[in-house]
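As a basis for the values below, the full set of heavy atoms in this structure was taken, side chains included, without hydrogen atoms, waters or symmetry mates.
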Amino acid sequence: MDRGTETDTTPSPGAGQGTVTEPTEPGRVPLAVVVVDREGLVSHWSRGARRLFGVPKEEAIGRAALDLLPVSGALPEDPGTAPYAADDGLGPDLEASLDQGLSYPAAGRARLTAPGHERVDVLWWAYPLVGPGPERLLVLAADAAGLRAGDGEFERIAPGFALHTDFPGAEDLARRLPEILPSMSVGESARIVAQVLELGYPVLEFSQNDRVPVTPDWGVARRAERRARRERAARALAAGEPVPEELRDEGEDLEYAAVRERLEFLNEVSGRIGTSLDLSRTIIEVSRAVVPRFTDVAGTYLREQVVAGEGFPEGVPDTTTMWHRVAVEHTDEPGRWDDVVPVGEAMPFPAHTPFFQCMTSGEPVLVPRISEEMGHAIAAQFDKRDIRPLITGRSMLVVPLKARNVVLGFMILLRHPERPVFNDMDRVTGAELAARAGLVLDNARMYTLQENVAETLQDSMLPHIPPRMAGCDIATRYLPGTLLGRVGGDWFDAVKLHGGRTALVVGDVMGHGLNSAAMMGQLRTAVQTMAGLDLPPAQLLRNLDDLAQRLGDTYLATCLYAVYDPIAGELHLANAGHIPPVLVRADDGRSELLDLPTGAPIGVGGVPFEAVRVPVAPGDRLVMCTDGLVEVRGEDIGVGLATLCESAAHPAASMDAACDTIIRALNTRGGRKDDVALLMARLNGIAPDDVAEWRLALDPAEVGRARAAVREQLHDWGLAKLVASAELMVGELVTNAVRHSHARPVEVRLVRGDTLLCEVEDDDHELPTLLNAGPLDDAGRGLRVVSTLSREWGTSRTKAGKTVWFELTLPRR
């Protein structure tokens, strides 16, 4: 590599001397470095380039690279000379790279005539560059004449690339290449070096099996006898013959080098994949790990169940199995594959294709070259899209992605026609690569499946509370303790009660995981059931404690239960070992922790529970949460409770914004490992003008009075459209109440809120049931009428008897 002229003794073509006959110092490979921009113009021209090509830097910068570099294997004035590239099988000449027609590294030989000299035999390596900078191509070049020095006589000198970068001198290349790119920033030169090492280290091939790295000062001399021995050993290995005893060391060296290169590649790939348990990211990692080092195109297909994150696919795939194309990575120009084989498409594969053979046998399928006939057969399955130009003439390797002897998917690997075809060693390498990728994908699939199960379980257990209930607005949040465990024992709920009241509950089963979640589900269901029976808060916790002990003595839970009465303007609360709630007053914005009797956790048994009543005003906010939000390991819980009070009092534009403010204030502290359940209710209340009540004597004549009173009240509220239905249903319920009451008057109440609520209360404790009344039956039609006409209806017991209620949807204004 060019660093100056102190140790480079090769006569420069531009120095006015004669034919190059004196070689460089043995083992020296000075390199010229040229950078070409996206317009095809030279943007960097090293001192080595000046010596090799005979053009000063001042004349080279800004000129078309096609005018300065060797662009073909043979000169036009010498048609009898065969192109070097064609003879050596090194692929396209440098002109294709300069024309920006290649997106993969290329190497070759060419001859050019330097001013005042005979033709110079040039070895070159071209690396395509990608990224935000203007650089498009990096060209390294060397004078091949200087390699014929000393006692080494080489039959074949050809440039190439190595898949690994641990040759002596690789570190030197990485360190010194930025030093000879002075016109670039450190970041730009580092980006170029990284791409060079990613695409392959430059090497020289002195025979089919003798490759040495090109480094700034690397000895390349080889004795003819040593080279001949290696050639004989290589021919014996290639023919499958035993290596002669005197050559066994050479054969073992060749086998070891080939195997080591493959193992290093596989180890490098293994280190690049599996960094995440996210299925889509894992797929991208697998695709990018093999392009362009091992292949030029990598298409990944997965079975439908794998993509959906469902259970392990069963059975051997067949022609009806749908395969989803989940990734296509390639080195072609951007967008070339997008329209023909778009990511996300699902399709089956016919039995005659190599893909079907791979997926059913579970073994790699190698196609050295895709013929016109095979290309047509493959393209036939793509409706109205001609894929033949993309695949015909390329070498193809199809490898299965397996785990536990089940094919999860497969990868289609394609090489450009200019690259060597896939061989048997590539087949083995590809199979090992696919096996490792299959395990990584299966791990990601299993994690995705577990996440889906956990999320489904958690979603089924956490209620979907409407944002608005009678007299209050509600917002909730749930945060899992860890990303790997989305299920836990924290829960919240809001239960609609008769009389326009709402039960608010937050609980926490001690522990984590599925067992805690299952226990939480049982307790939450029990709370909903007992709340529907309108049990007082203390009695509800008492019953919940009895239930927990019947379920087992291994679980404990805390629970905070509150009933909000928007008409009376009060909260009725009871606590079972839970952290107290925060009440934010609307008049002055002051927040406070409510002083409640703590009580023992659910499941302890034998401990009484007490309830308290707290008056509230319209606009007050109640904040209930689990201890995971305020408790941090190593910190006093009082600090978290103080932060909760402060953040709850912070003004917010909406209930959701208020919840987010609390989460941000408390969740940013380090050390939180527990789940978090948060419920906030804005207690709007119901104004006295929206409530009407009547007491009726136990006289059938009172039924008409009840109808008239309801009719008049609805007209006063501007709800004339509801008069007919409401009057009819009130008459049915009052008739039943008068008939079944014992001593107390019948009470009727209308409440205008988000709906029209009507309640009829009497002192009979037996709840009515919906019956199928026959044509000749005298009773059983009243509740049928209510069920048909109302939006919702129900019954509940009270201390004095029972309440039957119904709701009607308010007409749009």
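Remark: Glu329 engages no residue in a side-chain hydrogen bond (donor to acceptor under 3.5 Å, both in side chains) (not counting sequence neighbours). For Glu363, there are no salt bridge (Lys or Arg N to Asp or Glu O under 4.0 Å) partners, not counting sequence neighbours. Under the rule for a side chain to side chain contact (heavy atoms under 4.5 Å, CB included), the partners of Pro350 that lie at least two apart in sequence or sit in another chain are His352, Thr353, Gln381.
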### Query
Between Phe349 and Tyr301, does a ring-ring contact (aromatic ring centres under 6.0 Å, His included) hold up when you go through it step by step?
CA-CA 11 Å; Phe349 285 93; Tyr301 292 75; 5.4 Å; yes
### Query
Should Arg394 and Asp332 be marked as a salt bridge (charged side-chain N to carboxylate O under 4.0 Å, His left out) after you check the CA-CA gap, both sets of side-chain angles, and the distance that decides it?
CA-CA 13 Å; Arg394 300 199 183 195; Asp332 292 338; 3.2 Å; yes
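Aromatic rings from Trp323 and Phe410 are positioned such that their centres are separated by under 6.0 Å.
Listed for the Arg415 side chain is no donor-acceptor partner under 3.5 Å among the backbone atoms of Met396. Side chain of Ser395 to main chain of Pro368: a donor-acceptor pair is present (N/O by atom type, distance under 3.5 Å, no hydrogens or angles). The backbone N or O of Thr429 lies less than 3.5 Å from no partner atom in the side chain of Asp426, so there is not a single donor-acceptor pair.
Closest approach of Pro364 to Leu397, counting heavy atoms only: CB-CD1, 4.4 Å.
For the atom pair Arg38 CZ and Leu129 CG, the distance stands at 8.5 Å (nearest 0.5 Å).
Evaluated for a side chain to side chain contact (heavy atoms under 4.5 Å, CB included) with Ser43, the options Val35, Leu137, Val34 yield exactly one hit, Val35.
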